[in-house]
Amino acid sequence: MMNVLELRGLTKKFGDFFAVDNMSLQVREGEIFGFLGSNGAGKSTTINMVSSLLRPSGGEIRILDRDIAKHSRFAKMNLGIVPQDLAIYEDMTAFENVSFFAGLYGLRGSELKERVEEALEFVGLSDKAKSFPKNFSGGMKRRLNIACAIAHKPKLIIMDEPTVGIDPQSRNYILTSVRKLNETGCTIIYTSHYMEEVEEICSRIAIVDHGKIIAEGTKEQLKATITDVKDIRIGLKTLDGLEPALLQSIPGIRVLSVQQDEHAVRIQSDAAVDNLSKILKQLIDGGMEIRSVAEQAPTLETVFLTLTGRNLRD
Amino acid sequence: MNNLLSMAWKEMRHDFRDVKTLVFLLAFPILLMLILGFALTNAFSSNATIKDVKVLVHNTSSGQLSKAYAAFAEEAGKTGIVFEDVKTGMDGREEVEQNRYTDYLEISDGGIHLYGSSRSTIESNIVQGMMNSFADRYNAAAAVAKQDPAKVATLLAAAGPEGYIQDSSIDAERQPGAIDYYAIAMTVMIGLWGAMSGGSLIRYEIVRGTAARLAAAPVRKSDIFIGKVLGSVVLNMLCVLVIVMFSKYVFKAYWGDHLLPVFLVLLTEVVMSISLGLAISYMMKGEPSGGVVMIIVQLASFLGGAYFPLGNDIGGFLGSVAGLSPIRWANQALTGIIYNHSMSSAWTAMMLNTGLAVLFIAVAAVMMQRKEGI
């Protein structure tokens, strides 16, 4: 299968800091490729280099088997970008927004009109074509942001956190749209802070940390890499008085994270070490009231936490 | 080309839909024109009273120059100008500075030096004109003396008082009134406001996040750049046109009979201003560039005479700085076209504006090429 995107030793330096460090990656035709990394991991820098917003310090980016440094126009014609920050003009109608951006890709006249209408219909904004985005909800703006990226029918679409800050209904709409786009033959690179989204729609995933890809594969392949780790979640009445450092000192514990919102502690520990009783004793001795204890099957979140030592949303 | 025009059209669409800014762009200069034009009507009265003209003279010359001066002083005295010899202990320059005399004249065999009063400009200019005539005539006589000394007396005698004073009028019936002055000053000022539009051209895309989408699109940076400048020039020129027409037909301001060169000067000013703003926005990234542009525009407006007229004779540091204001060049150019039917200042202003526009655009273009994204 053809590589729609290929990174070969891609590097980006800011002074002495390597934001992207010798990264190599292949995204195949027809994939929805999840690109995961916590803040500062290097995924936005990578996306910005692929979308020509930043110049690489080294390495090569190939789109549809052509080096984008030498075939910039070809690469751009086949690329659609859904930036993390909304990239629409509030003082232009939805139709004008999509029409302006699609026009930059050489579409004119009736073909342009047709494509714009198609894109707006795809994201469910046909009835809002003449409305100004300043009157739109967050979800509608996100959908318009997508429409602006797809009207020219690119082969590769990069979606950088397209569901940030929107209601569940709009989020579901967008996820359905991503699948539909993929079914029409588009290859999609998808980044998100919501692990469940990635788990739901992505066929292959790369985990980025410190500018490097530290794991890559299907969900199943990634989960299979951590058979030696067990994932324990302990629900507490309150987190007041919790001393993570004491828990961390218990043998076998690899990663410990405190889930503030859920009043819970999540622990990745060596599967071979039986330390659950010690963990519970430590908590009870510290005056903590335990509400629930569960040992979970590894999820992508577990994989991410185990590999990077951080939550995706850190 | 299509992308360039798309960018220009998009830019104009933003500007026209930003009603609040558009109203401010038009209402502010019209209101200022109205307020200052009526408040300062008396300051622009064309009736000037000429005071007594007293000239203090320190004459150390001898020979022909001394004789010629004596004859000149006698003739010039008939016009009412009083020539008084400096007395011992008097400091001629100090006397002029204290406004006790209009001018101080030093005559020696080496030449004539005239120190004029900045407080009595008109009177001083009259004396200066007379002394220029005298010097020309004396030089001519000296040249004749070498060939035919007998004709010298005839030549010098031929000059009565009218030989030294020549009436000339630019346009006796047309002097700029307050509204006329502020119509020009405000129009030129909003031309310079183009710098603010220019300063926000790229920042606008960055703030809205659309810079990322533009950078990812198959559009040349130069198309984005030129398209945005073009759109901004059109909008600013339309504002200028509205101000000119409004002042002409509503306030009855005089714009002369040569509107084409007037608009050419204004066009070059607008292009230069937008280029200035654009260059500053590339040199100083982010919000501070907007503040710098605003300071430059306000200083240039103040020194260029947008709020109150500054005479042509201001000297010293203020005069030097005022000479750097594009508003001053354009004011002088338009006044020359409208009242003197003269293009000399207009050519200077247009060349300066165009030259600076090329320089600023070149700076912005180089920085844009070096910059990542747009």
Side-chain angles (χ1 to χ4, degrees), chain A residues 12 14 44-45 47-57 63 68 71-93 96-109 112 132-134 141 145-146 148-149 151-152 154 156-158 160, chain B residues 1-25 197 200-228 230-232 235 285-286 366-374:
Chain A
K12 180 68 184 177
F14 295 107
S44 287
T45 307
I47 288 171
N48 286 340
M49 284 190 281
V50 174
S51 55
S52 304
L53 205 58
L54 290 176
R55 287 190 201 111
S57 308
I63 289 180
I68 70 164
H71 303 276
S72 168
R73 187 176 167 77
F74 170 83
K76 288 178 170 186
M77 287 296 286
N78 286 290
L79 183 64
I81 297 285
V82 181
Q84 184 177 343
D85 296 322
L86 289 169
I88 51 176
Y89 298 109
E90 301 259 327
D91 55 357
M92 284 164 61
T93 65
E96 288 168 346
N97 263 288
V98 182
S99 176
F100 169 70
F101 287 114
L104 298 180
Y105 291 80
L107 296 171
R108 297 281 178 269
L112 173 65
F132 290 93
K134 58 187 167 194
K141 286 181 185 177
N145 204 30
I146 293 174
C148 290
H152 63 285
L156 173 65
I157 299 175
I158 298 178
D160 194 3
Chain B
M1 190 63 179
N2 276 327
N3 284 338
L4 189 151
L5 294 177
S6 288
M7 288 301 304
W9 176 237
K10 177 192 78 80
E11 210 56 40
M12 284 190 274
R13 206 151 36 184
H14 291 316
D15 291 334
F16 282 117
R17 286 179 181 173
D18 187 359
V19 178
K20 283 180 194 164
T21 306
L22 203 57
V23 167
F24 177 78
L25 264 178
S197 313
S200 62
L201 283 178
I202 300 298
R203 198 168 62 239
Y204 177 91
E205 302 292 349
I206 293 167
V207 168
R208 273 153 192 79
T210 42
R213 212 187 276 292
L214 290 176
V219 191
R220 284 195 300 260
K221 276 185 178 183
S222 58
D223 282 355
I224 297 173
F225 189 82
I226 298 168
K228 289 180 85 67
L230 187 64
S232 192
L235 176 95
K285 292 172 189 117
V366 167
M367 298 194 80
M368 180 191 67
Q369 286 302 332
R370 287 183 184 172
K371 195 181 167 211
E372 294 180 303
I374 65 165

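Just so it is clear: chains get the letters A, B, ... in the order the sequence lines come, proteins before strands, and each one is counted from 1. Given the structure is predicted, the values throughout are model-derived calculations rather than measurements.
- Comparing A/L54, A/L86, A/L79, A/V82 by how many heavy-atom pairs each has under 4.5 Å with chain B, the most go to A/L54.
- Counting heavy-atom pairs closer than 4.5 Å to chain B, the top residue among A/M77, A/R108, A/E90 is A/R108.
- Note: B/P218 leads B/P218, B/A215, B/A216 in heavy-atom pairs under 4.5 Å with chain A.
- Listed options A/R55, A/Q84, A/R73 were ranked by heavy-atom pairs under 4.5 angstrom with chain B; first place goes to A/R55.
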For this session: Show the numbers, then the answer: is there a side chain to side chain contact (heavy atoms under 4.5 Å, CB included) between B/D18 and A/D91?
Result: CA-CA 8 Å; B/D18 187 359; A/D91 55 357; 5.8 Å; no

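- Both the backbone and the side chain of A/N145 come within less than 4.5 Å of a heavy atom in chain B.
- A cation-pi arrangement is present between A/K134 and A/F132, with the terminal nitrogen or guanidinium carbon under 6.0 Å from the aromatic centre and inside a 45° cone about the axis.
- A cation-pi contact, defined as under 6.0 Å to the ring centre and within 45° of the axis, is absent between B/R13 and B/F16.
- A centroid separation of less than 6.0 Å is found between the aromatic rings of A/Y89 and A/F101.
- Contacts between A/A75 and chain B at a heavy-atom distance below 4.5 Å are absent for every atom of the residue.
- For B/T210 and B/E205, the side-chain atoms include at least one donor-acceptor pair closer than 3.5 Å.
- With hydrogens and angles disregarded, a donor-acceptor distance shorter than 3.5 Å links the side chain of B/K228 to the backbone of B/L201.
- When heavy atoms are compared at a cutoff of 4.5 Å, A/F100 approaches chain B solely by way of its side chain, counted from C-beta outward.
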